[in-house]
Amino acid sequence: MKSLILDSSTRLLVLTGAGVSAESGVPTFRGMGGLWENRPVEEVASPQGFTEDPVRVWRFYSQRREGAAGVHPNPGHTALAEWERHLGDRFLLATQNVDGLHQRAGSQRVVEMHGNLFKTRCSNCERPPMDDTTVYPEGTVPRCGACGGSLRPHIVWFGENLDEADLGRIGEFLTRGDGKLVFLAAGTSGAVWPAAGLVDQVRKLGGETWLVNFDPPENAERFRHFVQGRSGELLPRLATLA
Ligand code: APR
């Protein structure tokens with residue numbers, strides 16, 4: 001198998017998607033047909049879906065909280081945390097996942113591009129997001145203690161913009177200029193932007209690009225190296241820490 005050399009000149013950005021949590025038992029989006037209660041996930045995980053039926057949206061996220069709380073990081077998560085310990089501030093992990101498994105595996109330099117399943121914020125006022133593992137009972141829409149507005153999951157829904165500070169942190173890391181830029185995407189279909197465009201930014205900067213994925217992506221030619229298989233098996237063996 002090819003080896004990813006992580007040495008004192010490497011600056012590594014990793015992008016993960018649902019496939020990295022699949023071996024922990026967390027279902028992927030496109031793998032499960034993208035339906036929930038026979039509705040497209042896009043309809044539930046969207047501002048329109050929340051306005052239309054907040055009870056249904058909270059049922060969806062409460063079920064995902066219940067499911068995610070019972071799973072554990074897999075060797076793929078653990079390998080990424082080890083790479084971070086080896087590279088220090090020359091490592092950054094941008095994840096599309098909201099399950100918190102990277103942090104539970106020890107990753108600290110993490111940008112949660114799509115939010116976090118275990119955070120809740122007010123849909124009406126500017127109160128900062130709060131940690132919240134509550135699995136709300138059926139029919140409940142929690143209310144904000146400050147303004148009485150409906151609370152919502154702190155998740156970036158379809159049609160919403162990502163946090164500018166998150167995008168800025170990733171952009172600053174990419175253009176920092178020190179060392180040799182390397183990008184590795186793992187467990188992502190590359191279906192959702194702007195995460196899917198990171199590989200193009202890296203190529204424009206002359207960086208090296210890797211994809212570790214179960215299925216070949218439509219856009220395989222955008223990656224210099226493609227290692228096919230399960231991230232939980234491949235990531236622990238892929239890197240040479242020099
Ligand atoms: N190891 C590696 N790759 C895997 C594994 C595995 N064990 N299992 C599945 N995969 C791959 C699949 O081949 C697929 O290409 O992971 C990818 C998962 O793709 P998606 O389900 O589309 O997940 P993701 O790319 O994270 O979706 C992006 O879409 O629904 C929105 O906001 C949501 O963050 C999500 C975004």
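Ligands are counted one by one from 1 in listed order, and the atoms in each one are counted from 1 as well. In what follows, every heavy atom counts, from backbone to side chain, and hydrogens, waters and symmetry copies are set aside.
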Heavy-atom contacts with [X] under 4.0 Å: which atoms of ligand 1 show up? List them by number with element.
{"X": "Thr188", "result": "15 (O), 16 (O), 17 (C), 24 (P), 25 (O)"}
{"X": "Ala18", "result": "23 (O), 24 (P), 26 (O)"}
{"X": "Asp215", "result": "12 (C), 13 (O)"}
{"X": "Ala22", "result": "8 (N)"}
{"X": "Phe158", "result": "30 (O), 31 (C)"}
{"X": "Gly187", "result": "3 (N), 16 (O), 17 (C), 18 (C)"}
{"X": "Phe214", "result": "2 (C), 3 (N), 4 (C), 5 (C), 10 (N), 13 (O)"}
{"X": "Glu23", "result": "1 (N), 6 (C), 7 (N)"}

Inset, instruction - Under the salt bridge (charged side-chain N to carboxylate O under 4.0 Å, His left out) rule, what do Asp132 and Arg65 come out as? Steps first, then yes or no, please. - result: CA-CA 10 Å; Asp132 180 8; Arg65 280 184 178 174; 3.3 Å; yes
Inset, instruction - Compute the shortest N/O to N/O distance between Arg230 and ligand 1 and return yes if it is under 3.5 Å, no if not. - result: no
Inset, instruction - Determine whether Val202 and Leu167 fall in the same hydrophobic cluster, where Ile, Leu, Val, Met, Phe, Trp and Tyr are linked whenever their side-chain heavy atoms lie under 4.5 Å apart. - result: yes
Inset, instruction - Establish whether Val55 and Trp58 are linked, either directly or via other cluster members, by ILVMFWY side-chain heavy-atom contacts under 4.5 Å. - result: yes
Legend entry - Results of side-chain hydrogen bond (donor to acceptor under 3.5 Å, both in side chains) for Arg64 - residues two or more places apart only: none
Legend entry - Phe50 and Trp157 aromatic ring geometry - parallel, tilted or perpendicular at 30°/60° bounds: tilted
Which one of [options] has a non-hydrogen atom at the shortest distance from [atom]?
{"atom": "atom 14 (C) of ligand 1", "options": "Asn213, Thr28, Val41, Val98", "value": "Asn213"}
{"atom": "atom 16 (O) of ligand 1", "options": "Gly19, Ala186, Ala191", "value": "Gly19"}
{"atom": "atom 22 (O) of ligand 1", "options": "Ser189, Ala45, Gly76", "value": "Ser189"}

Inset, instruction - For Arg152 and Glu160, run salt bridge (charged side-chain N to carboxylate O under 4.0 Å, His left out): C-alpha distance rounded to whole Å, both residues' side-chain angles, the deciding distance at 0.1 Å, then the answer. - result: CA-CA 14 Å; Arg152 57 165 280 181; Glu160 294 187 317; 2.8 Å; yes
Inset, instruction - With heavy atoms only and a cut-off of under 4.0 Å, state how Gln96 meets ligand 1: side chain, backbone, both or neither. - result: both
Inset, instruction - I would like to know whether Arg222 and Asp200 meet salt bridge (charged side-chain N to carboxylate O under 4.0 Å, His left out); could you show each step before the answer? - result: CA-CA 7 Å; Arg222 284 157 75 194; Asp200 304 310; 2.6 Å; yes
Inset, instruction - Taking the side chain as every heavy atom from C-beta outward, state whether Phe183 and Leu174 have any pair of such atoms under 4.5 Å apart. - result: no
Legend entry - Whether Gly229 lies under 4.0 Å from ligand 1, heavy atom: yes
Inset, instruction - Could you tell me the separation between the CD atom of Glu84 and the CG atom of Leu93, rounded to the nearest 0.5 Å? - result: 7.5 Å
